[in-house]
2 protein chains.
Amino acid sequence: MDQPAHPDHACGHDRAGLVARAERLCRERGLLFTPLRQRTLEVIAGETRPLGAYDIAERLSLPGRRVAAVSVYRALDFLTENGLVHRLASRNAFVPCDHSHSGGESAVFLICRACGAVDETTSAEIERGLNRTLARAGFRPASRIVEIEGECGACQEREGAEG
Amino acid sequence: MDQPAHPDHACGHDRAGLVARAERLCRERGLLFTPLRQRTLEVIAGETRPLGAYDIAERLSLPGRRVAAVSVYRALDFLTENGLVHRLASRNAFVPCDHSHSGGESAVFLICRACGAVDETTSAEIERGLNRTLARAGFRPASRIVEIEGECGACQEREGAEG
DNA sequence: TACCGTCCCGTTACACTGTAACAGGCGGGG
DNA sequence: CCCCGCCTGTTACAGTGTAACGGGACGGTA
């Protein structure tokens, strides 16, 4: 769990920690943490706001070396399948997985319309409610999407000060 | 106008009731329930499974008279803004609003991967959990998305019977 | 009547999202 | 060595969504 002295420069996420977790996870599961996958993960972790696949492709491309979106999609499939990034269905965009939900609880995303920041949290009560609702309906869940769009606290204050 | 005694033939939703609700709502709010909007709503209500905008456009088109997707999008914007249809973020598709959540509770969608059916329900417990989570984070919500993908009860039974 | 603004809708064009299919490279195992 | 599986690059294409412009219908106003 060694964190670097300076967690990240202007980045919203713990890039080094996420890469370290990915390397460990791939070693354990016998998967390949290829350069493309690593760079894709780094690009996502190096951004405060969710990125679209084409944004990622652009950031991965160099003057002579263009990365096609389809390659990014494959890397993203790998990263999401292994719990390293999340896909926001309401935005068609990707964010790193905070891993604050280690207990198998599904994630709740708070997406700010003003600044674009995404907060990933969990709630035992929401989880309980979902499980009861699913049981009542006899529905076997495969994936759960809980995304709230609105305004984060910081942007509410900023707006109040300005307006 | 006159609907047959049997509510709907092979349709999954109460088409006539939804149209009646739309007419009443538009009268109350001084909005126009134009033919395009009505036909769009009817197409959505006449289908068991969620439809994409281009599917709707295709169903609305006649041999000589083609409806462009952009027109459908505008009708869909109107219908969603007025609570007559819902958009499924995980599918980029639209379903009629059951209006079972009259109490202002946000909807929970159970989407079956096997048969494509969508069940719209609500849960006071989920609502409470969401509200607490939002309050704790100081987040002001504008829209809430709760979509569970999985297998509905009927398809589980069918699968078990087949093998 | 003419004029004006608004709303709705048709049209074109375009950008973004996502997948299918095929080919080449690379490494491991027979 | 060949075979096989995995990853990546490439092309092509289908689906999703919006911006911009123009015209028609309709109501209000002079």
Side-chain angles (χ1 to χ4, degrees), chain A residues 22-23 26-27 29-41 43-44 49-82 84-95 116 143 145 147 149, chain B residues 22-23 26-27 29-41 43-44 49-82 84-95 113 116 143 145 149:
Chain A
E23 285 172 343
C26 288
R27 218 179 308 120
R29 304 185 187 176
L31 303 172
L32 289 179
F33 193 50
T34 65
L36 179 62
R37 290 168 179 176
Q38 173 166 352
R39 289 195 295 144
T40 300
L41 183 58
V43 164
I44 295 172
R49 323 196 312 140
L51 287 178
Y54 280 64
D55 296 326
I56 298 169
E58 194 178 339
R59 281 165 172 72
L60 289 177
S61 296
L62 297 172
R65 187 91 189 136
R66 190 179 146 272
V67 175
V70 64
S71 297
V72 176
Y73 276 110
R74 288 191 282 235
L76 288 169
D77 286 343
F78 175 87
L79 295 172
T80 52
E81 281 168 10
N82 289 286
L84 295 164
V85 310
H86 289 290
R87 179 186 142 80
L88 297 181
S90 61
R91 293 275 178 123
N92 298 321
F94 298 83
V95 289
S143 74
I145 297 170
E147 297 178 15
E149 294 206 22
Chain B
E23 286 173 343
C26 288
R27 218 178 307 121
R29 303 185 188 176
L31 302 172
L32 288 181
F33 193 49
T34 65
L36 179 63
R37 290 170 179 174
Q38 172 165 352
R39 288 195 296 143
T40 301
L41 182 58
V43 164
I44 295 173
R49 323 196 311 138
L51 287 179
Y54 281 64
D55 296 326
I56 298 170
E58 194 178 337
R59 281 165 172 73
L60 289 178
S61 296
L62 297 174
R65 187 92 189 134
R66 188 179 147 272
V67 175
V70 63
S71 296
V72 175
Y73 276 111
R74 288 192 283 234
L76 288 170
D77 286 343
F78 174 87
L79 295 173
T80 53
E81 281 167 11
N82 290 286
L84 294 164
V85 310
H86 289 291
R87 181 187 139 81
L88 298 181
S90 61
R91 294 273 178 123
N92 298 322
F94 298 82
V95 289
R113 283 182 175 171
S143 74
I145 297 170
E149 294 206 21

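Residue numbering restarts at 1 for every chain, and letters A, B, ... go by the order of the sequence lines.
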Rounding to an integer number of Å, can you tell me how far [X] [atom1] sits from [N] [atom2]?
X      : N       : atom1 : atom2 : answer
D77(B) : dG17(D) : CG    : P     : 10 Å
L31(A) : dC6(D)  : CG    : P     : 11 Å
L62(B) : dG10(C) : CG    : P     : 12 Å
E81(B) : dC8(C)  : CD    : P     : 10 Å
L51(B) : dG15(D) : CG    : C1'   : 14 Å
L88(A) : dT17(C) : CG    : C1'   : 15 Å
Q38(A) : dC7(D)  : CD    : P     : 16 Å
E58(B) : dT16(D) : CD    : C1'   : 15 Å

Does [N] have OP1 or OP2 sitting under 4.0 Å from an N or O in the side chain of [X]?
X      : N       : answer
R65(A) : dT8(D)  : no
Y73(A) : dG18(C) : yes
S71(B) : dT11(C) : no
R66(A) : dG9(D)  : no

Select one nucleotide: of [options], the one nearest the side-chain heavy atoms of [X].
X      : options                  : result
A68(A) : dT10(D), dC8(C), dG10(C) : dT10(D)
Y54(B) : dC9(C), dG9(D), dT16(D)  : dT16(D)
L36(B) : dG17(D), dG10(C), dC8(C) : dG10(C)
N92(A) : dG18(C), dT11(D), dT8(D) : dG18(C)
V70(A) : dC8(C), dT18(D), dT11(D) : dT11(D)

R49(B) atom CZ: more than 12 heavy-atom contacts under 6.0 Å: no
Taking atom CD of E58(B) as the centre, does the number of heavy atoms from other residues, nucleotides or ligands within less than 6.0 Å exceed 12?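 No, because the 6.0 Å sphere around CD of E58(B) holds 12 heavy atoms or fewer from other groups.
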Pick base, sugar-phosphate or nothing for [X], based on heavy-atom distances below 4.0 Å to the nucleic acid.
X      : value
R91(B) : nothing
R74(B) : base
V67(B) : nothing

On a heavy-atom basis, which atom in [X] and which in [Y] lie closest, and how many Å separate them?
X       : Y       : value
I145(A) : A89(A)  : CD1-CB, 4.1 Å
R87(A)  : E147(A) : O-OE2, 3.9 Å
P50(B)  : G116(B) : CD-O, 3.2 Å

Please determine which of L60(B), V72(B), I44(B) meets the side chain to side chain contact (heavy atoms under 4.5 Å, CB included) test together with R39(B). L60(B)
Return the 5'-most residue of the pair R39(A), A53(B) with respect to DNA chain D, ranking by each residue's nearest nucleotide. R39(A)
